[in-house]
Asker: 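Attaching a single structure in structure tokens format; questions to follow.
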Amino acid sequence: MFKKLKEDIEVIFEQDPAARSYMEVILTYSGLHAIWSHRLAHALYKRRFFFLARLISQISRFFTGIEIHPGARIGRRLFIDHGMGVVIGETCEIGDNVTIYQGVTLGGTGKEKGKRHPTVKDNALIATGAKVLGSITIGENSKVGGGSVVLKDVPPNSTVVGVPGRVVMQDGVKVKKDLNHSDLPDPIADRFKTLEDEIVSLHRELAELKEERSKVNANSNL
């Protein structure tokens with residue numbers, strides 16, 4: 001147990017250049033507090049003390065802004081940087097040496113039962129504001145870009161970005177050309193184009209009707 005606690009502190013010094021002393025880390029790092037609270041809550045959860053486990057997790061949420069369900073399984077050396085707004089669901093499984101930034105959700109889609117939260121493999125990184133939803137797997141050494149919404153499995157050694165998330169790098173090779181923002185669909189412009197086409201069509205029909213009426217008037221005057 002003490003070995004794990006020491007590892008939790010050491011990973012902060014490795015990942016955060018702002019960390020200056022053990023005392024500062026132990027007393028002021030909310031991510032560390034949330035992880036330690038979770039270790040206690042999870043131990044109680046496994047022994048079926050569900051209410052006490054949830055109580056500890058909710059107290060931790062109140063003080064840290066990080067919500068980790070006591071049923072979630074977390075590996076060694078998890079680093080939660082800043083952490084405010086992080087949510088980790090009940091059936092989530094997190095491997096070793098994983099990094100999670102603020103605003104990340106490892107949640108469900110609301111459609112599944114049983115295993116309904118993500119599995120994050122070793123050495124993965126989930127960037128700020130990313131949403132990883134459903135019973136999917138983020139492969140080893142993979143990265144999820146900030147603000148991405150991931151709904152499908154991510155292969156190992158990959159980088160995922162976008163909404164919905166798509167793999168743009170795998171094994172150091174670009175998978176797909178980055179999306180050119182000038183090529184993004186513009187529904188407003190498309191609608192204006194449709195209206196313009198309709199107006200042109202109406203003008204053409206009106207001109208034809210005027211021409212037919214002129215012919216009728218000309219014939220009636222003969």
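Nothing fancy with the numbering, it's 1 onward along the sequence.
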Asker: Do L106 and I100 have side chains that approach each other closer than 4.5 Å (heavy atoms only, starting at C-beta)?
Answerer: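 Answer yes - side chains close enough.
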Asker: Can you see which heavy atom on P118 is nearest to which on G107, and at what distance?
Answerer: CD-O, 3.4 Å
Asker: Could you grab the distance from atom OG1 of T119 to atom CZ of R73, nearest 0.5 Å is fine?
Answerer: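 Those atoms lie 8.5 Å apart.
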Asker: Answer yes or no: does atom CZ of F50 have more than 12 heavy-atom neighbours from other residues, nucleotides or ligands under 6.0 Å?
Answerer: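 More than 12 heavy atoms, drawn from other residues, nucleotides or ligands, come within 6.0 Å of this atom.
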Asker: Going hydrophobic residue to hydrophobic residue with side-chain gaps under 4.5 angstrom, can you get from F63 over to I66?
Answerer: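 No.
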Asker: Just wondering, do I88 and I94 contact through their side chains at under 4.5 Å, heavy atoms?
Answerer: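 Heavy-atom side-chain distance check passes, below 4.5 Å.
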Asker: Examine F79 and L125 and state if one hydrophobic cluster contains both, with Ile, Leu, Val, Met, Phe, Trp and Tyr joined whenever side-chain heavy atoms are less than 4.5 Å apart.
Answerer: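 F79 and L125: separate clusters.
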Asker: With clusters defined by side-chain heavy atoms of hydrophobic residues (ILVMFWY) lying less than 4.5 Å apart, directly or transitively, does V149 cluster with V154?
Answerer: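 Per the 4.5 Å side-chain linkage, V154 and V149 are not co-clustered.
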Asker: From K3 NZ over to K6 NZ, what is the distance, rounded to the nearest 0.5 angstrom?
Answerer: 10.0 Å
Asker: Would you say S37's side chain and H33's backbone share a donor-acceptor pair under 3.5 angstrom?
Answerer: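 Yes.
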Asker: Please confirm whether the backbone N or O of G114 pairs with a side-chain atom of R116, one donor and one acceptor, at under 3.5 Å?
Answerer: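 Yes; at least one donor-acceptor contact below 3.5 Å.
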Asker: Taking C-beta and beyond as the side chain, do I138 and V160 meet within less than 4.5 Å on heavy atoms?
Answerer: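 I138 vs V160: side chains apart.
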Asker: Please examine the side chains of V98 and N123, heavy atoms only from C-beta on, and report whether any two atoms are closer than 4.5 Å.
Answerer: no
Asker: Any idea which heavy atoms bring A130 and G145 closest together, and the distance?
Answerer: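 Residues A130 and G145, closest heavy atoms: CB-O, 3.7 Å.
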Asker: Between S214 (side chain) and K210 (backbone), is there a donor-acceptor pair under 3.5 Å?
Answerer: yes
Asker: Between I9 and V11, is there a shared hydrophobic cluster once you connect ILVMFWY residues whose side-chain heavy atoms come closer than 4.5 Å?
Answerer: yes
Asker: Between the side chains of E10 and Y22, does any donor sit under 3.5 Å from an acceptor?
Answerer: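 No, no side-chain donor-acceptor pair sits under 3.5 Å.
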Asker: Judged by atom type as modelled, is there a donor-acceptor pair below 3.5 Å linking the side chain of S142 to the main-chain atoms of T159?
Answerer: no
Asker: Determine whether R77 and E7 satisfy the following criterion, salt bridge (charged side-chain N to carboxylate O under 4.0 Å, His left out), listing intermediate values before the conclusion.
Answerer: CA-CA 6 Å; R77 298 171 58 83; E7 284 181 338; 5.4 Å; no
Asker: Just by modelled atom types, is the S60 backbone N or O under 3.5 Å from a matching donor or acceptor in the T64 side chain?
Answerer: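 Judged by distance alone, yes, a pair lies under 3.5 Å.
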Asker: Taking everything shown except K143 itself, do over 12 heavy atoms lie less than 6.0 Å from its NZ?
Answerer: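 Counting other residues, nucleotides and ligands, NZ of K143 stays at 12 neighbours or fewer.
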Asker: Go through the side-chain N and O atoms of N97 and D122 and say whether any donor and acceptor fall under 3.5 Å apart.
Answerer: no
Asker: What distance separates L206 CG from S201 OG, expressed to the nearest 0.5 Å?
Answerer: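 Those atoms lie 11.0 Å apart.
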Asker: Any carboxylate oxygen within less than 4.0 angstrom of a Lys/Arg side-chain nitrogen, looking at K121 and E93?
Answerer: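 Result for this pair is no, no salt bridge flagged.
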Asker: Please round to the nearest 0.5 Å and tell me the distance separating atom OG1 of T99 and atom CG of D16.
Answerer: 11.0 Å
Asker: Does A72 offer a backbone N or O that forms a donor-acceptor pair with the side chain of H42 under 3.5 Å?
Answerer: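 The answer is yes, because a donor-acceptor pair under 3.5 Å joins these two groups.
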Asker: Does any part of the side chain of V132, heavy atoms only, come nearer than 4.5 Å to the side chain of V120, both counted from C-beta?
Answerer: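 No, every pair of side-chain atoms sits at 4.5 Å or beyond.
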Asker: Which atom pair, heavy atoms only, marks the closest approach of A41 to S57?
Answerer: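 Distance-wise, the nearest heavy atoms are CB-N, 4.5 Å.
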Asker: Do you know which two heavy atoms are closest between V104 and A127, and how far apart they sit?
Answerer: CG2-O, 3.2 Å
Asker: Does a salt bridge link D8 with K4, judged by any charged N lying under 4.0 Å from a carboxylate O?
Answerer: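 Not counted as a salt bridge, because no side-chain N and carboxylate O are separated by less than 4.0 Å.
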Asker: Give a yes or no on whether a salt bridge exists between E67 and R61, defined as a side-chain N under 4.0 angstrom from a carboxylate O.
Answerer: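 Judged by the 4.0 Å cut-off on N to carboxylate O distance, E67 and R61 do form a salt bridge.
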Asker: To check you understand the geometry: which heavy-atom pair defines the closest contact between I56 and L44, and what is its length?
Answerer: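 Nearest pair, atom of I56 first, then L44: CD1-CD1, 3.3 Å.
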Asker: Contact between I199 and D197 at the side-chain level, heavy atoms closer than 4.5 Å - yes or no?
Answerer: no
Asker: Is there a side-chain contact between P70 and R54 in this structure, where contact means two heavy atoms from C-beta onward sitting under 4.5 Å apart?
Answerer: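 Side chain of P70 against side chain of R54, heavy atoms only: contact under 4.5 Å found.
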Asker: Please answer: with hydrophobic residues joined when any side-chain heavy atoms are less than 4.5 Å apart, are V87 and Y101 in the same cluster?
Answerer: no
Asker: Minimum heavy-atom separation for A18 to Y29, with atom names?
Answerer: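 Looks like C-OH, 3.9 Å.
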Asker: How long is the gap from CD1 on I26 to CD on E24, to the nearest 0.5 Å?
Answerer: 11.0 Å
Asker: Measure the spacing between CD of E90 and NZ of K115 and express it to the nearest 0.5 Å.
Answerer: 10.5 Å
Asker: Any side-chain to backbone donor/acceptor pair from H69 onto G71? Under 3.5 Å, distance only.
Answerer: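 Judged by distance alone, yes, a pair lies under 3.5 Å.
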